[in-house]
Amino acid sequence: MRWAAFSGIAFVVGFLAGIALFGAGAGSRPAEIAAYYSSHGHRVRQIAGFYVLGVSVLFFLWFVAVLCRKLGAPFVLAAGSLTAALLLAADSAWAATAVTVQHEPGFVLDPNTHLLVEDAGFVLFVASMLAAMLFVTVTSVAIVRTQALARLAGILGFPIAASLAASWYYLPVFAFLAWIAALSLMLAFAGPSSD
(Lines give C-alpha, C1' and ligand atoms only; values in the text may rest on other atoms or scores of the structure.)
Protein backbone atom coordinates (compact mmCIF):
# COMPACT_ATOMS: atom_id res chain seq x y z
CA MET A 1 0.00 0.00 0.00
CA ARG A 2 1.41 3.32 -1.15
CA TRP A 3 0.21 5.25 1.92
CA ALA A 4 2.20 2.98 4.25
CA ALA A 5 5.40 4.52 2.87
CA PHE A 6 4.39 7.83 4.46
CA SER A 7 5.15 6.24 7.84
CA GLY A 8 8.66 7.66 7.42
CA ILE A 9 7.27 11.19 7.16
CA ALA A 10 5.06 10.50 10.21
CA PHE A 11 8.18 9.42 12.13
CA VAL A 12 10.07 12.60 11.24
CA VAL A 13 7.15 14.89 12.14
CA GLY A 14 6.47 13.00 15.38
CA PHE A 15 10.14 12.94 16.34
CA LEU A 16 10.47 16.71 15.91
CA ALA A 17 7.19 17.34 17.76
CA GLY A 18 8.23 15.04 20.62
CA ILE A 19 11.60 16.76 21.00
CA ALA A 20 9.87 20.17 20.93
CA LEU A 21 7.54 19.03 23.73
CA PHE A 22 10.47 17.82 25.85
CA GLY A 23 12.11 21.20 25.31
CA ALA A 24 15.40 22.19 26.84
CA GLY A 25 14.65 20.38 30.09
CA ALA A 26 15.01 21.43 33.69
CA GLY A 27 18.59 22.68 33.67
CA SER A 28 21.39 21.32 35.82
CA ARG A 29 21.24 23.29 39.08
CA PRO A 30 19.25 21.75 41.95
CA ALA A 31 17.03 24.81 42.38
CA GLU A 32 16.20 24.89 38.64
CA ILE A 33 15.35 21.19 38.63
CA ALA A 34 13.10 21.47 41.69
CA ALA A 35 11.31 24.52 40.27
CA TYR A 36 10.85 22.93 36.86
CA TYR A 37 9.28 19.72 38.16
CA SER A 38 7.11 21.54 40.68
CA SER A 39 5.20 22.90 37.65
CA HIS A 40 2.30 20.67 36.59
CA GLY A 41 2.51 22.16 33.08
CA HIS A 42 6.16 21.18 32.63
CA ARG A 43 5.49 17.63 33.81
CA VAL A 44 2.51 17.24 31.48
CA ARG A 45 4.53 18.58 28.55
CA GLN A 46 7.28 16.03 29.16
CA ILE A 47 4.77 13.20 29.48
CA ALA A 48 3.12 14.35 26.23
CA GLY A 49 6.59 14.40 24.65
CA PHE A 50 7.08 10.82 25.79
CA TYR A 51 3.89 9.68 24.06
CA VAL A 52 4.45 11.66 20.86
CA LEU A 53 8.04 10.46 20.50
CA GLY A 54 7.03 6.90 21.39
CA VAL A 55 4.29 6.82 18.73
CA SER A 56 6.72 8.29 16.19
CA VAL A 57 9.11 5.40 16.90
CA LEU A 58 6.27 2.98 16.09
CA PHE A 59 5.88 4.79 12.76
CA PHE A 60 9.64 4.36 12.25
CA LEU A 61 9.29 0.59 12.76
CA TRP A 62 6.47 0.52 10.20
CA PHE A 63 8.64 2.51 7.78
CA VAL A 64 11.55 0.10 8.31
CA ALA A 65 9.28 -2.86 7.52
CA VAL A 66 8.07 -1.18 4.30
CA LEU A 67 11.67 -0.38 3.35
CA CYS A 68 12.81 -3.94 4.14
CA ARG A 69 10.12 -5.37 1.88
CA LYS A 70 10.92 -2.97 -0.98
CA LEU A 71 14.66 -3.68 -0.80
CA GLY A 72 14.42 -7.38 0.10
CA ALA A 73 17.02 -6.80 2.82
CA PRO A 74 16.31 -8.37 6.24
CA PHE A 75 19.32 -6.63 7.82
CA VAL A 76 17.47 -3.35 7.26
CA LEU A 77 14.71 -4.63 9.55
CA ALA A 78 17.19 -5.87 12.18
CA ALA A 79 19.19 -2.62 12.30
CA GLY A 80 16.04 -0.49 12.23
CA SER A 81 14.52 -2.48 15.09
CA LEU A 82 17.65 -1.99 17.20
CA THR A 83 17.55 1.75 16.48
CA ALA A 84 13.89 1.91 17.49
CA ALA A 85 14.41 -0.07 20.71
CA LEU A 86 17.22 2.21 21.86
CA LEU A 87 15.25 5.33 20.94
CA LEU A 88 12.26 4.10 22.97
CA ALA A 89 14.59 3.46 25.93
CA ALA A 90 15.96 7.02 25.66
CA ASP A 91 12.42 8.38 25.47
CA SER A 92 11.48 6.47 28.63
CA ALA A 93 14.48 7.74 30.60
CA TRP A 94 13.82 11.35 29.55
CA ALA A 95 10.23 11.13 30.82
CA ALA A 96 10.98 9.16 34.01
CA THR A 97 11.29 12.12 36.38
CA ALA A 98 8.10 13.81 35.14
CA VAL A 99 6.14 10.57 35.39
CA THR A 100 7.41 9.83 38.89
CA VAL A 101 6.74 13.31 40.27
CA GLN A 102 3.30 13.37 38.61
CA HIS A 103 2.15 9.97 39.86
CA GLU A 104 3.84 9.54 43.25
CA PRO A 105 2.26 11.73 45.95
CA GLY A 106 4.80 13.16 48.38
CA PHE A 107 7.76 12.19 46.19
CA VAL A 108 10.90 14.15 47.11
CA LEU A 109 12.92 14.82 43.98
CA ASP A 110 16.67 14.35 44.29
CA PRO A 111 18.27 16.58 41.60
CA ASN A 112 21.35 14.36 41.35
CA THR A 113 19.23 11.29 40.64
CA HIS A 114 17.30 13.26 38.03
CA LEU A 115 20.54 14.28 36.31
CA LEU A 116 21.77 10.69 36.30
CA VAL A 117 18.54 9.40 34.74
CA GLU A 118 18.38 12.27 32.22
CA ASP A 119 21.99 11.71 31.17
CA ALA A 120 21.31 7.97 30.88
CA GLY A 121 18.55 8.93 28.44
CA PHE A 122 21.03 11.02 26.47
CA VAL A 123 23.50 8.12 26.34
CA LEU A 124 20.71 5.83 25.11
CA PHE A 125 19.84 8.41 22.46
CA VAL A 126 23.46 8.51 21.26
CA ALA A 127 23.45 4.68 21.26
CA SER A 128 20.29 4.76 19.12
CA MET A 129 22.09 6.98 16.64
CA LEU A 130 25.03 4.56 16.60
CA ALA A 131 22.52 1.82 15.73
CA ALA A 132 21.11 4.21 13.13
CA MET A 133 24.61 4.30 11.57
CA LEU A 134 24.24 0.58 10.93
CA PHE A 135 20.65 1.02 9.70
CA VAL A 136 21.61 3.77 7.23
CA THR A 137 24.65 1.81 6.04
CA VAL A 138 22.83 -1.47 5.37
CA THR A 139 19.94 0.41 3.75
CA SER A 140 22.36 2.35 1.54
CA VAL A 141 24.13 -0.86 0.49
CA ALA A 142 20.76 -2.43 -0.36
CA ILE A 143 19.67 0.64 -2.37
CA VAL A 144 22.91 0.71 -4.37
CA ARG A 145 22.79 -3.06 -4.91
CA THR A 146 19.13 -3.35 -5.92
CA GLN A 147 18.53 0.13 -7.34
CA ALA A 148 14.94 -0.28 -6.14
CA LEU A 149 15.13 3.39 -5.11
CA ALA A 150 17.21 6.27 -6.47
CA ARG A 151 20.88 5.26 -6.35
CA LEU A 152 21.80 8.76 -5.17
CA ALA A 153 19.83 8.15 -1.96
CA GLY A 154 22.03 5.13 -1.28
CA ILE A 155 25.23 7.02 -2.04
CA LEU A 156 24.22 9.96 0.18
CA GLY A 157 23.43 7.52 2.97
CA PHE A 158 27.11 6.66 3.51
CA PRO A 159 28.27 10.15 4.64
CA ILE A 160 25.05 10.53 6.64
CA ALA A 161 25.79 7.24 8.42
CA ALA A 162 29.35 8.38 9.17
CA SER A 163 28.11 11.74 10.48
CA LEU A 164 25.88 10.00 13.05
CA ALA A 165 29.03 9.18 15.02
CA ALA A 166 28.88 12.87 15.98
CA SER A 167 25.18 12.82 16.92
CA TRP A 168 26.35 14.07 20.31
CA TYR A 169 26.07 17.50 18.67
CA TYR A 170 22.57 16.83 17.24
CA LEU A 171 23.19 18.36 13.77
CA PRO A 172 23.76 14.96 12.08
CA VAL A 173 20.38 13.83 13.45
CA PHE A 174 18.68 16.39 11.20
CA ALA A 175 20.51 14.96 8.17
CA PHE A 176 19.28 11.50 9.21
CA LEU A 177 15.70 12.76 9.51
CA ALA A 178 15.89 14.48 6.10
CA TRP A 179 17.20 11.23 4.56
CA ILE A 180 14.32 9.26 6.14
CA ALA A 181 11.80 11.80 4.79
CA ALA A 182 13.35 11.58 1.30
CA LEU A 183 13.24 7.76 1.32
CA SER A 184 9.65 7.87 2.55
CA LEU A 185 8.63 10.03 -0.42
CA MET A 186 10.58 7.82 -2.84
CA LEU A 187 8.84 4.73 -1.49
CA ALA A 188 5.44 6.42 -1.74
CA PHE A 189 5.92 7.38 -5.36
CA ALA A 190 8.00 4.41 -6.58
CA GLY A 191 6.51 1.72 -8.74
CA PRO A 192 5.28 -1.56 -7.21
CA SER A 193 7.80 -4.04 -5.84
CA SER A 194 8.81 -6.92 -8.03
CA ASP A 195 7.91 -9.53 -5.37
Side chain proximity check, Ile180 to Phe15, heavy atoms < 4.5 angstrom: no

Shortest non-hydrogen contact from Thr83 toward Ala132: OG1-N, 3.3 Å

How long is the gap from CD on Gln102 to CZ on Phe107, to the nearest 0.5 Å? 12.5 Å

Look at the side chain of Arg43 and the backbone N and O of Tyr37, then say whether any donor-acceptor pair between them is shorter than 3.5 Å. yes

Transitive ILVMFWY side-chain link Val12 to Trp3, under 4.5 Å: yes

For a 4.5 angstrom cut-off between non-hydrogen side-chain atoms, does Leu67 reach Phe135? yes

Evaluate the criterion side chain to side chain contact (heavy atoms under 4.5 Å, CB included) for residue pair Phe75 and Val141; output intermediate values, then yes/no. CA-CA 10 Å; Phe75 285 130; Val141 167; over 6 Å; no

Identify whether Leu77 and Leu134 are in the same connected component of the hydrophobic contact network (ILVMFWY, side-chain heavy atoms under 4.5 Å). yes

Would you call Thr97 and Ile33 a side-chain contact if the rule is heavy atoms closer than 4.5 Å? no

Less than 4.5 Å apart, any side-chain heavy atom of Pro172 and any of Ile160? no

Is it the case that one hydrophobic cluster holds both Val136 and Val126, taking links as side-chain heavy atoms less than 4.5 Å apart, direct or via other members? yes

Between Thr146 and Leu71, is there a donor-acceptor pair closer than 3.5 Å when you use the side chain of the first and the backbone of the second? no

Tell me whether Ser92 contacts the main-chain N or O of Leu88 through its side chain, where contact means a donor paired with an acceptor under 3.5 Å. yes

Answer whether the closest heavy-atom distance between the side chains of Asp91 and Phe125 falls below 4.5 Å. no

Between Val138 and Ala79, which heavy-atom pair has the shortest distance, and what is it? CG2-CB, 4.1 Å

Would the number of heavy atoms belonging to other residues, nucleotides or ligands and lying under 6.0 Å from OH of Tyr51 be above 12? no

Where do Ala93 and Val117 come nearest, in terms of heavy atoms and distance? O-CG1, 3.4 Å

Parallel, tilted or perpendicular: which one describes the rings of Phe22 and Trp94, with boundaries at 30° and 60°? perpendicular

From Leu152 CG over to Met186 CE, what is the distance, rounded to the nearest 0.5 angstrom? 7.0 Å

Is Leu177 reachable from Val52 through a run of I, L, V, M, F, W or Y residues, each pair having side-chain heavy atoms under 4.5 Å apart? no

Closest heavy-atom contact between Glu32 and Ala26? CB-O, 3.3 Å

Without swapping roles, check the side chain of Ser140 against the backbone of Ile155 for a donor-acceptor pair under 3.5 Å. no

Is it true that a side-chain atom of Arg45 and a backbone atom of Ala20 form a donor plus acceptor pair closer than 3.5 Å? yes

Hydrophobic cluster of Leu124, others only, ordered by chain and residue number, side-chain cut-off 4.5 Å: Leu82, Leu86

Inter-residue atom distance Tyr170.OH - Met129.CE, 0.5 Å rounding: 11.0 Å

Do Ser38 side-chain atoms and Ala35 backbone N/O form a donor-acceptor pair below 3.5 Å? yes

Are the ring centres of Phe122 and Trp168 closer than 6.0 Å? yes

Within this structure, what is the CG-OG1 distance for the pair Leu149 and Thr139, rounded to the nearest 0.5 Å? 10.0 Å

Transitive ILVMFWY side-chain link Leu53 to Leu16, under 4.5 Å: yes

Tightest non-hydrogen contact, residues Leu187 and Ala5, listed as CB-CB, 3.5 Å

Test log, rule side chain to side chain contact (heavy atoms under 4.5 Å, CB included), inputs Leu183 and Ile143: CA-CA 10 Å; Leu183 288 185; Ile143 290 171; 3.8 Å; yes

In terms of heavy-atom contacts, Val99 and Ile47 come closest through CG2-CG1, 3.9 Å

Of Phe60, Trp62, Trp179, the one forming a ring-ring contact (aromatic ring centres under 6.0 Å, His included) with Phe11 is Phe60

How many angstroms lie between SG in Cys68 and NZ in Lys70, if you round to the nearest 0.5 Å? 13.0 Å

Using a 6.0 Å cut-off, check whether atom CZ of Phe59 has over 12 heavy atoms from anything other than its own residue. no

Quick one: does Gln46's side chain get under 4.5 Å of Tyr36's, heavy atoms only? yes

Could you tell me the separation between the CZ atom of Phe63 and the CD1 atom of Ile9, rounded to the nearest 0.5 Å? 8.5 Å

